[in-house]
Number of protein chains: 2
Amino acid sequence: MPPNVGRAVESAVDHRKGPRRRGEELENAILTATLEELAEVGYAALTMDRVASRARTSKAALYRRWSGRAELVLDACKLRAFPDGGLPDTGALRTDVIALLRRMSTHMASPFGSILRGLLAEMTSDPDFARLIRDRVHTAGPVTIRALLQRAVERGEVEPWILGSRRATVATDLLRNEFLLFGAPVDDGIITDIVDSVYLPLVLRPAPGPTGDAEH
Amino acid sequence: MPPNVGRAVESAVDHRKGPRRRGEELENAILTATLEELAEVGYAALTMDRVASRARTSKAALYRRWSGRAELVLDACKLRAFPDGGLPDTGALRTDVIALLRRMSTHMASPFGSILRGLLAEMTSDPDFARLIRDRVHTAGPVTIRALLQRAVERGEVEPWILGSRRATVATDLLRNEFLLFGAPVDDGIITDIVDSVYLPLVLRPAPGPTGDAEH
DNA sequence: ACACTTAAAGAACGGTCAGTTCTCTAATAC
DNA sequence: GTATTAGAGAACTGACCGTTCTTTAAGTGT
């Protein structure tokens with residue numbers, strides 16, 4: 001019945017007395033711990049137990065907020081987004097794009113790279129979750145390069161229809177592919193090769209399209 | 001000692017007596033069981049226990065041959081390669097490439113797609129293993145498209161230098177990117193978009209006007 | 001100030017799976 | 001034949017996941 005009324009001789013070490021965090025404060029501590037774990041051991045080796053103990057909380061507190069590792073990491077990446085550093089603005093499309101790809105490359109060489117791989121693998125299961133990952137993780141590249149293109153259009157370097165074409169994001173798409181296959185950081189020669197022998201010929205002025213291909 | 005001195009009251013059911021497979025026969029059975037498991041539950045849910053019991057063998061036999069799940073799956077994919085079906089040969093580069101991308105798309109919609117994702121995620125750890133994956137899994141696309149290009153060069157559709165350029169594999173690179181981000185099968189409109197608005201403008205003869213693409 | 005409600009800390013548990021290591025014994029080599 | 005190799009099967013350690021329980025601090029309402 002009420003077994004241990006009295007005294008609890010046990011529990012020599014029980015710091016439930018310490019200032020107990022709640023709500024947002026605790027949540028922030030958990031997300032911070034998650035990012036630290038990601039930086040130290042990467043996504044694949046991140047465990048809920050480790051995050052909980054690093055944040056000096058309990059797994060129960062984690063599972064009350066997130067349904068699993070992937071959701072937790074996703075939120076950690078979302079709120080404390082990795083530094084973006086503003087748009088490159090060198091005055092010419094070529095150097096702008098090279099600067100962007102270089103930045104993406106170093107970004108992928110950070111723990112973020114392993115997160116990317118891990119989340120990509122987990123997209124197999126849930127389509128809704130897959131959409132979430134796509135939206136939160138894979139939009140940075142395309143959004144940024146479209147902004148660079150927009151300025152190039154205003155300078156007259158690029159024809160406006162390119163913005164709505166699949167050509168627009170080829171540079172970041174190829175960089176992502178390169179990273180996934182060969183790892184990061186992506187060699188600088190490869191970056192300039194992507195830009196000079198593929199991307200610029202596709203988007204720069206005199207580049208002709210086959211038929212009227214402004215769709216998507 | 002008499003072989004079956006009546007000991008061991010235990011072991012009511014012990015079929016170690018059945019024809020015990022060895023060497024290559026057993027290995028084939030294991031690889032077959034691996035492929036069946038892959039087809040049924042996908043890469044993420046594949047476990048060594050299940051493979052062992054499906055092959056009616058023991059985990060010890062698996063670990064004597066492979067150091068883990070990834071190596072096993074890699075070998076299973078390598079030996080009993082998924083059907084290639086020969087090179088598309090339609091007489092024109094455009095239709096050849098579209099046929100190739102379609103085939104790759106359906107391939108990625110098979111269990112092979114989940115294998116791809118899983119292996120990609122495991123490349124984080126070991127660089128040697130990463131190379132192995134790249135070589136065994138991601139060569140099919142590029143190798144095939146180079147063969148298509150080679151024939152296009154012989155027909156005069158494409159200039160020879162393209163074969164050694166990064167442009168050569170852009171179609172398969174973009175398809176892989178599309179699959180990883182959006183899943184398979186890849187919509188047919190996207191495939192033709194990749195080919196018509198990106199790939200062909202990059203590789204076809206000089207300045208491919210929509211009407212007369214000069215072959216002389 | 002008080003009782004009441006919420007939720008954090010911590011521990012334990014059941015379950016799954018990875019890898020390892022036993023024993024026993026069939027298949028093979030010598 | 002005898003000796004060696006290696007497969008079958010089971011047990012076992014250890015990691016991790018996700019859940020649940022108890023105890024108790026932090027808020028909430030009156």
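The distance between atom CD of Glu25(A) and atom P of dA8(C), rounded to the nearest whole Å, is 11 Å. Trp66(B) has its CH2 atom 15 Å from the P atom of dA18(C), to the nearest Å. If you measure from atom CZ of Arg65(B) to atom P of dG19(C), you get 17 Å, rounded to the nearest angstrom. dC17(C) atom C1' lies 14 Å from atom CD of Glu37(B), rounded to whole Å. Taking atom NZ of residue Lys59(B) and atom C1' of nucleotide dG19(C), one finds them 6 Å apart after rounding to whole Å.
No side-chain donor-acceptor contact under 3.5 Å links Tyr199(A) to the backbone of Thr172(A).
Distance check, rounded to the nearest 0.5 Å: CH2 of Trp66(A) to CG of Asp75(A) gives 6.5 Å.
Arg134(A) forms no cation-pi arrangement with Phe129(A), by the criterion of a distance under 6.0 Å to the ring centre and an angle within 45° of the ring axis.
For Arg54(B), the side-chain contact (heavy atoms from CB on, under 4.5 Å) partners are Ala33(B), Glu36(B), Glu37(B), Glu40(B), not counting sequence neighbours. Partners of Thr169(A) by side-chain hydrogen bond (donor to acceptor under 3.5 Å, both in side chains), not counting sequence neighbours, listed by chain and number: Asp173(A).
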Scan nucleotides 27-30 of chain C against the protein and return all N/O pairs shorter than 3.5 Å with their distances rounded to 0.1 Å.
residue	atom	partner	partner atom	Å
dA27(C)	OP1	Arg20(B)	N	3.3

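Within the structure, side chain to side chain donor-acceptor pair (under 3.5 Å) contacts touching residues 181-192 of chain B (residues at least two apart or in different chains) are Arg102(B)-Asp188(B). Within the structure, every pair that satisfies the salt bridge (Lys or Arg N to Asp or Glu O under 4.0 Å) test and touches residues 189-200 of chain A, not counting sequence neighbours, is listed here: Arg94(A)-Asp196(A), Asp193(A)-Arg166(B).
Each of Arg69(A) and Ala60(B) lies near DNA chain D, and the nucleotide nearest Ala60(B) is the one positioned closer to the 5' end. Projected onto DNA chain C by closest heavy-atom contact, Gly23(A) and Ser67(B) fall at different nucleotides, the more 5' of which corresponds to Gly23(A).
A salt bridge is absent between Arg117(A) and Glu122(B): the closest approach of a Lys/Arg side-chain nitrogen to an acidic carboxylate oxygen does not fall below 4.0 angstrom.
Only Arg56(B), listed by number, bring a heavy atom of residues 39-56 of chain B to less than 4.0 angstrom from any atom of DNA chain D.
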